[in-house]
Participant: 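Let me give you the structure first, and then I'll get to my questions.
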Amino acid sequence: RPPVSEAELSQCEREPIHLLGGIQPHGMLLAFSEPDLTLRVVSANTEALLGRPPEALLGQPLSGVFPPSSLALLTGALAQPASGLLRLEAAGRFFIGVPHRGDGLVVLDLEPTAEGSNEEEALGMVDLLLSPLARAQGPKGLLQAAAEAVRALTSFDRVMVYRFDADWHGEVLAESRDESMDGFLGLHFPASDIPAQARALYTRHTLRLIADARAEPVPLRPPVLPSEGRPLDLSGSVLRSVSPVHLEYLANMGVGASMSISLVREGRLWGLIACHHRTPLLVPLATRRACDVLARLVSLQLAAEERASVSAELARRAHFQTQLVERLSEQAATLPTALSQQAELLLGLTGAGGVALLLGEAPVLVGQTPSSEDVRELALWLAGQHSDGTFHTERLARHHPPAAEYADVASGLLAVRLDETSPRFILWFRPEVARTVTWAGNPQKPVVPGPGASRLHPRASFAAWQETVRGASLSWTPEDVAAAVGFRSALVGVLLRHAAALARSNA
Ligand code: BLA
């Protein structure tokens, strides 16, 4: 199987996942116009659930489906700005209904439910969903507690908290799983596994359940909205049937049911709580709502905890820097030697794999770096660039093509210039990302061929994606850059003192 091309991956991003025109078979969709409450679009499975085929419903009033009490509940909810879950009766059955507006219609998702509702159960859910907030210690502890609570609420075999990086690839930060499931903790996944349009949709609509990844979707009638010339927009439908490419991905992972809940912070998709089950799993709507609330609470709490942990991180770096500067000032040896003796502090300051000190004489190299000659050549190039004295990149070879030769150790560069007049620099290097993280989608694992060999296969994207990160390091964070800039100021102070001492001893 040839690797997937960039073109095919960008094709992924163009799949209109909100217009696929189908729902999952565990529910039914009725869309009607207002104010006449006339059915305009229905899912093809109404006969099984209501005893009437779509042709017998389309163009008919809603009062032909729901008894007056349910109809009143529904219209009452529609008069409110937001609606919760509605318990509706139709054809002698009970459904949980979730209405929303879209394409000028009311789109009503209906899922069959058992007769009684259990208040103890609901209270138990509230306890569970608040428990992570009470127990958690720091961001990691919070995420772990969230994974455990979602698993307890839903009984998924594996629940993960997945965080997006700046380039939209992601990492599994916390996991709660059945012992018999493979662990995904610490694994990284390529950005293309969750394409841009899906991330945009997930920012607005925060929970989706794929109750049976192998089930055939149920089409809509009519398939195309006459007024729009395209299928009904299902962005807001809780029953939306998902992309067949993603279903193939789930099948290849051995996943029978999947649910994911968005973690949104300040309007940006920060991560997902991703759940897997080996077999189909129909999580009741009320439980899904509880998980959604939990994700919102966790997002809020996380923002607070992370602010605290960023301050702690800045304090840690400040401490590194103070230690470093103290030791440099104490040591009688020449400055480059003194610096190179503090390798651990110097690398820890910015989380680099190597550092080169260009303080006048030959470059001093610490850790994994390009050769002296390459470093000197790089510094000359940097000196010719206009900048405010700092430069950082995750893809050095894009800016400076000769760096492609040593991308393995120095895909990432964080450079600070010590003074304007001479090319004196501190250069921190980071290795190519493929070497530093554990990628999921193990290419050695055999892939079960999906239907239609010519179609893009999710697992094949791994190889393509490896190509896209060739020559890239992990991103430098604002804290890394701040630490480098802070260290420059401190070092300039030390250099001045050394120069003064040198001048005195020469005098
Ligand atoms: C959707 N991909 C998703 C979703 C997840 C992932 C969580 C949301 C839907 C769901 O809840 O199942 C990916 N799932 C993961 C990852 C982990 C996980 C990374 O558990 C890690 C632990 N997928 C591909 C390729 C394409 C692709 C190559 O691998 C495109 C060609 C597409 N993924 C794709 C699409 C969706 C998706 C289109 C949206 C599905 C939808 O909502 O319709």
Side-chain angles (χ1 to χ4, degrees), residues 3-24 147 150 154 156-165 168-175 177 181-213 217 234-263 269 271-277 281 283 288 291 295 438-441 447 450 455-466 468:
V4 181
S5 66
E6 293 257 3
E8 279 172 301
L9 283 179
S10 75
Q11 197 175 307
C12 274
E13 306 215 326
R14 286 198 301 271
E15 185 185 16
I17 60 172
H18 59 304
L19 299 177
L20 299 179
I23 61 161
Q24 301 181 48
V150 169
T154 58
F156 272 103
D157 289 330
R158 174 169 53 218
V159 176
M160 295 157 287
V161 180
Y162 186 71
R163 181 188 59 191
F164 294 107
D165 193 4
W168 292 112
H169 94 260
E171 177 183 2
V172 178
L173 293 187
E175 179 180 59
R177 65 183 159 94
M181 298 290 280
D182 291 340
F184 284 9
L185 190 65
L187 292 187
H188 290 240
F189 290 77
S192 55
D193 278 17
I194 311 173
Q197 85 283 26
R199 294 191 304 260
L201 184 61
Y202 299 172
T203 310
R204 289 185 292 126
H205 300 283
T206 50
L207 187 143
R208 60 242 120 239
L209 169 71
I210 302 165
D212 182 352
L234 293 177
S235 298
S237 164
V238 300
L239 288 169
R240 182 176 62 83
S241 153
V242 309
S243 157
V245 182
H246 181 56
L247 294 177
E248 211 173 313
Y249 176 100
L250 293 176
N252 290 334
M253 272 187 162
V255 169
S258 166
M259 183 172 92
S260 57
I261 322 161
S262 310
L263 294 167
L269 189 65
L272 297 172
I273 301 178
C275 315
H276 292 161
H277 210 58
L281 184 67
V283 181
R288 274 136 72 189
C291 291
T438 319
W439 295 102
V447 160
R455 212 187 44 232
L456 174 58
H457 197 289
R459 256 24 238 137
S461 73
F462 179 73
W465 174 82
Q466 258 194 331
T468 70

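Each ligand, and each atom within it, is numbered from 1 in the order the structure gives.
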Participant: Ignoring hydrogens and angles, state whether a donor on the side chain of Arg208 or Ser262 is under 3.5 Å from an acceptor on the partner side chain.
Facilitator: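 Per modelled atom types, Arg208 and Ser262 side chains form a pair under 3.5 Å.
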Participant: Taking 4.0 angstrom as the limit and counting only heavy atoms of Val245, give me the atoms of ligand 1 inside it, by number and element.
Facilitator: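 Listed by number with element: 26 (C), 30 (C), 31 (C).
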Participant: Can you name the closest pair of heavy atoms from Leu247 and Ala213 and give their distance?
Facilitator: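 Between these two residues, the closest heavy atoms are CD2-O, 3.7 Å.
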Participant: List every atom of ligand 1 that sits less than 4.0 Å from any heavy atom of Glu15, numbering the atoms from 1 in the order shown and giving each element.
Facilitator: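 That gives atoms 38 (C) of ligand 1.
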Participant: Parallel, tilted or perpendicular for Phe184 and Phe189, by the 30°/60° rule?
Facilitator: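 Rings of Phe184 and Phe189: tilted, as their planes differ by 30° to 60°.
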Participant: For ligand 1, which atoms, with element, lie under 4.0 Å from some heavy atom of Met160?
Facilitator: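 The atoms of ligand 1 under 4.0 Å from a heavy atom of Met160 are 20 (O), 22 (C).
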Participant: Classify the contact between Ile210 and ligand 1 as side chain, backbone, both or neither, using a heavy-atom distance cut-off of under 4.0 Å.
Facilitator: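 The part of Ile210 near ligand 1 is the side chain, not the backbone.
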Participant: Using every non-hydrogen atom in the two residues, find where Met259 and Leu209 come nearest and quote the distance to one decimal.
Facilitator: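 For Met259 versus Leu209, the nearest heavy atoms are CB-CD1, 3.9 Å.
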Participant: Take Ser260 and Leu207, measure what side chain to side chain contact (heavy atoms under 4.5 Å, CB included) needs, and give me the verdict at the end.
Facilitator: CA-CA 6 Å; Ser260 57; Leu207 187 143; over 6 Å; no
Participant: Under the side chain to side chain contact (heavy atoms under 4.5 Å, CB included) criterion, do Leu263 and Ile273 qualify, and how do the steps go?
Facilitator: CA-CA 7 Å; Leu263 294 167; Ile273 301 178; 4.1 Å; yes
Participant: Would a distance-only check, ignoring hydrogens and angles, find a side-chain to backbone donor-acceptor pair under 3.5 Å from Thr203 to Arg199?
Facilitator: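 Yes: the side chain of Thr203 pairs with the backbone of Arg199.
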Participant: Do any nitrogen or oxygen atoms of Arg208 lie less than 3.5 angstrom from nitrogen or oxygen atoms of ligand 1?
Facilitator: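 N/O-N/O distance below 3.5 Å does not exist for this pair.
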Participant: Just going by heavy-atom distances, which of Leu234, Asp193, Ile194, Ile17 is nearest to atom 33 (N) of ligand 1?
Facilitator: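 Among Leu234, Asp193, Ile194, Ile17, the closest heavy atom to atom 33 (N) of ligand 1 comes from Asp193.
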Participant: Would you say the side-chain atoms of Gln197 pair up with the backbone N or O of Glu15, donor to acceptor, closer than 3.5 Å?
Facilitator: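 Side chain of Gln197 to backbone of Glu15: a pair is present.
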Participant: Who gets closest to atom 35 (C) of ligand 1 by heavy atom: Pro195, Ser260, Ala213?
Facilitator: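 Considering heavy atoms of Pro195, Ser260, Ala213, the nearest to atom 35 (C) of ligand 1 sits in Pro195.
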Participant: Out of Ser235, Ala274, Ser258, whose heavy atom is nearest to atom 10 (C) of ligand 1?
Facilitator: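 Shortest heavy-atom distance from atom 10 (C) of ligand 1: Ser258.
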Participant: Which is closest to atom 8 (C) of ligand 1 by heavy-atom distance: Phe184, Tyr202, Tyr162?
Facilitator: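 Considering heavy atoms of Phe184, Tyr202, Tyr162, the nearest to atom 8 (C) of ligand 1 sits in Tyr202.
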Participant: So, taking the atom named CZ in Arg288 and the one named OG1 in Thr154, what distance separates them when rounded to the nearest 0.5 Å?
Facilitator: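 Here the rounded value is 11.5 Å.
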Participant: Using a strict cut-off of 4.0 Å, indicate which atoms of ligand 1 neighbour a heavy atom of Ala198.
Facilitator: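 Under 4.0 Å from Ala198, ligand 1 has these atoms: 39 (C).
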Participant: Can you sort out which atoms of ligand 1 are near Arg240, meaning under 4.0 Å from one of its heavy atoms?
Facilitator: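 It comes down to these atoms of ligand 1: 41 (C), 42 (O), 43 (O).
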Participant: Would you mind listing which atoms of ligand 1 come within a distance below 4.0 Å of any non-hydrogen atom of Met259?
Facilitator: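 Selected atoms, number and element: 11 (O).
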Participant: Which atoms of ligand 1 have any heavy atom of Phe189 under 4.0 Å away?
Facilitator: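 Near Phe189, the atoms of ligand 1 are 19 (C), 21 (C), 22 (C).
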